[in-house]
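Report on the structure given below.
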Protein chains: 2
Amino acid sequence: MSSQTPSQIRTEMLPGATPEVPVEAPAVAAPGSLVRMLEVLDQFTPDQPVIRVDDLQARLGYTKSTAYRYVKALCDAGLLAQASQGRYSLGPRIVELERLMRIADPLLQAGEAVLPELAAEMPNSMVLLCSLYRDKVLCVHREGPEAIEAGGRRISILRARGLPLPLFQGAASLVILASLPTPRIRALFVQRQAEMAAAGLGADWAAVRQRLAGIRRDGQVTTVGRFNRHLAAVSVPVRSRDGAQVAGSLTRIMPAEAYPGEDPALLLQRLQACAAQVSARLA
Amino acid sequence: MSSQTPSQIRTEMLPGATPEVPVEAPAVAAPGSLVRMLEVLDQFTPDQPVIRVDDLQARLGYTKSTAYRYVKALCDAGLLAQASQGRYSLGPRIVELERLMRIADPLLQAGEAVLPELAAEMPNSMVLLCSLYRDKVLCVHREGPEAIEAGGRRISILRARGLPLPLFQGAASLVILASLPTPRIRALFVQRQAEMAAAGLGADWAAVRQRLAGIRRDGQVTTVGRFNRHLAAVSVPVRSRDGAQVAGSLTRIMPAEAYPGEDPALLLQRLQACAAQVSARLA
DNA sequence: TTAACTTTCCCAAAATGTGGGAAACGGCGC
DNA sequence: GCGCCGTTTCCCACATTTTGGGAAAGTTAA
């Protein structure tokens, strides 16, 4: 909601939407204080890991009192910490909670047990374990070297854990997306058709459906030079132990010039076997 | 506050507190909805990484409506994610934010550059980098092996990052505590005297002050068999680049039987040199 | 499909967040 | 150590919002 300014043009009006509605009619209700407080967290970026209370007032339209009220509540919860006078950064609670997730995440544990061997089989190549949360795909773990030598460059994926991936692009995401239950995909399509089209997934429902069905049939997505001009990626879904749903995706990333190597089918097979091993270890 | 039920007995009444006050008088104001919503995050533990909405209602005294309202707000912010019907877990946003902290944290970056060499110098031993946030000490990074062989056992500190350390116990914390500006220590003493006493820091202000002054003079804390019966730890403060304040602490952990080794003074010197290197690299 | 459950929606009443300013606090320079 | 200034909390009347009970809508499993 926050990313869609009123001036943006919607590609197509949703069927059933009231036409001729006055411009200022708010589509969504005004956010309550709860949501407003959590917007504070949006303000932190790699470029601005420390934020001043004045900036919050300015950017989010808070009054002094409100800004400090929110900051205090978040500080007391440990989500924020005072960096110095008037400046606040993200707090220790986030690191603690993330550790909790790391400890509790069965996918990560299974991956940590299985992936090292897989990663070691191919030098100058890394393995990514990704997961879907709600409607976001995140890299959960990387195994193998931090960087790959490709196209004469050294391409590194540093600090992979927590790296957000676009939901409608990239092998790791598409493989997950395609494995979702159809109604869920349909719901996503209705909500985010424009994004899907922009990502080249298809302009209408039929096209998207067909594209994803194809991926589901293949059981893999291979991209060459999409994520990075010099890299290739092969991705397969990781299913839950009972096989009923997707738990995430397993991706092998290598130099584009190394793909297809001697036996791409074998590479794929090995990846799928590993994904099955991970599945088998899920709680 | 949530951990202090009304039935608990306070060890000692704070000086200046109104005596003879009727039992039901709330010492602190009733928490607002902002704080209440954030209490939801407290409910997640390693044993219970997934929580049901019913449990929230029961444990926190919410009504159905309120519970779902809070959960929805937290979900929309990405702090929570729906695991399955009626069950929620911590959300992707936490992993993302933690990554942001990892990227932005100068202490961690400096540590990652300097610590590997230090860790490699002594086998069967690890190095911990810790940091103070607000009034919590957290392990920020571990370098070296995941486990130490000591006392015939294999003692592992797995997933060190995010591990919370008690503020008034342990070499890593004490070294930081002692390096804090005196007014800050004094404030902590007033607020948490009982905890300090329980941790053996001293029963009154004079004792605490003296103890910490001693640590400050030494520039290190060494404990043997405190954190774990079979382990020894030597900890030194890491100062900010200008040396004006503490940025964290650097700790060498080793088997208790290996300390003191040939030259404990050299070990300490090396640690302090490394801490200085880290300081020099701080932004 | 039914059945059981989860989740959202609705609305009047009441509780609580809001905001302006003043007061307390705390760091920094002199 | 003292005083200055920006930061942070406190205060309180007002009204905007949260609240909660139940009903409706949505989702999953059988």
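Sequence lines set the chain letters: A, B, ... in the order given, protein chains first and strands last, and positions in each chain run from 1. The shown structure was predicted, so the numbers you read here are calculated from the model rather than taken from an experiment.
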| How far does OG1 of A:Thr45 sit from CD1 of B:Ile103, to the nearest 0.5 angstrom? | 10.5 Å
| remark: Rounded to the nearest 0.5 angstrom, the CG-OG distance for B:Leu250 and B:Ser235 is 7.0 Å
| field | A:Leu34 to B:Ser33 - nearest heavy-atom pair and separation | value | CD2-O, 3.7 Å
| request: For a side-chain contact (heavy atoms from CB on, under 4.5 Å) with A:Leu201, tell me which candidate from A:Gln169, A:Met196, A:Glu195 qualifies. | output: A:Met196
| query | Hey, which of these two, A:Leu34 or A:Asp54, hits DNA chain D nearer its 5' end, going by closest nucleotide? | reply | A:Asp54
Please give, in whole Å, the distance from [N] [atom2] to [X] [atom1]?
X        : N      : atom1 : atom2 : result
A:Asp76  : D:dT8  : CG    : C1'   : 13 Å
A:Gln245 : D:dT28 : CD    : P     : 10 Å
A:Leu38  : C:dG17 : CG    : P     : 14 Å
B:Asp55  : C:dT6  : CG    : C1'   : 14 Å
B:Asp242 : C:dC28 : CG    : P     : 10 Å
B:Arg87  : C:dT7  : CZ    : C1'   : 16 Å
B:Lys72  : C:dC10 : NZ    : P     : 13 Å
B:Met37  : C:dG17 : CE    : C1'   : 13 Å

| field | Ion pair check, A:Asp42 and B:Arg93, cut-off under 4.0 Å | value | yes
Under 3.5 Å, sequence neighbours excluded: what are the donor-acceptor pairs made by side chains of residues 172-187 of chain A?
{"from": "A:Ser173", "atom 1": "OG", "to": "A:Pro166", "atom 2": "O", "distance (Å)": "2.8"}
{"from": "A:Ser179", "atom 1": "OG", "to": "A:Val175", "atom 2": "O", "distance (Å)": "2.8"}
{"from": "A:Arg184", "atom 1": "NH2", "to": "A:Arg134", "atom 2": "O", "distance (Å)": "2.5"}

Output yes when at least one side-chain N/O atom of [X] is less than 4.0 Å from OP1 or OP2 of [N], else no.
X       : N      : result
B:Tyr88 : C:dT7  : yes
A:Arg52 : D:dG6  : no
B:Ser33 : C:dG17 : yes
A:Gln82 : D:dT7  : no
A:Tyr68 : D:dT9  : no

For residues 54-65 of chain B, which side-chain N or O atoms pair as donor and acceptor with protein atoms under 3.5 Å away, sequence neighbours left out?
{"from": "B:Arg59", "atom 1": "NH1", "to": "B:Gln43", "atom 2": "OE1", "distance (Å)": "3.0"}
{"from": "B:Arg59", "atom 1": "NH2", "to": "B:Gln48", "atom 2": "OE1", "distance (Å)": "2.6"}
{"from": "B:Tyr62", "atom 1": "OH", "to": "B:Arg36", "atom 2": "O", "distance (Å)": "2.7"}
{"from": "B:Thr63", "atom 1": "OG1", "to": "B:Thr66", "atom 2": "N", "distance (Å)": "3.4"}
{"from": "B:Thr63", "atom 1": "OG1", "to": "B:Thr66", "atom 2": "OG1", "distance (Å)": "3.0"}

| query | With sugar-phosphate meaning primed atoms plus P, OP1 and OP2, does B:Val53 contact a base, only sugar-phosphate, or nothing at under 4.0 Å between heavy atoms? | reply | sugar-phosphate
Check nucleotides 19-27 of chain C for protein N or O atoms closer than 3.5 Å to its own N or O atoms and list the pairs.
{"from": "C:dG19", "atom 1": "OP2", "to": "A:Thr63", "atom 2": "OG1", "distance (Å)": "3.0"}
{"from": "C:dG19", "atom 1": "OP2", "to": "A:Thr66", "atom 2": "OG1", "distance (Å)": "2.3"}
{"from": "C:dG19", "atom 1": "N7", "to": "A:Arg69", "atom 2": "NH2", "distance (Å)": "3.3"}
{"from": "C:dG20", "atom 1": "N7", "to": "A:Ser65", "atom 2": "OG", "distance (Å)": "3.1"}
{"from": "C:dG20", "atom 1": "O6", "to": "A:Ser65", "atom 2": "OG", "distance (Å)": "3.0"}

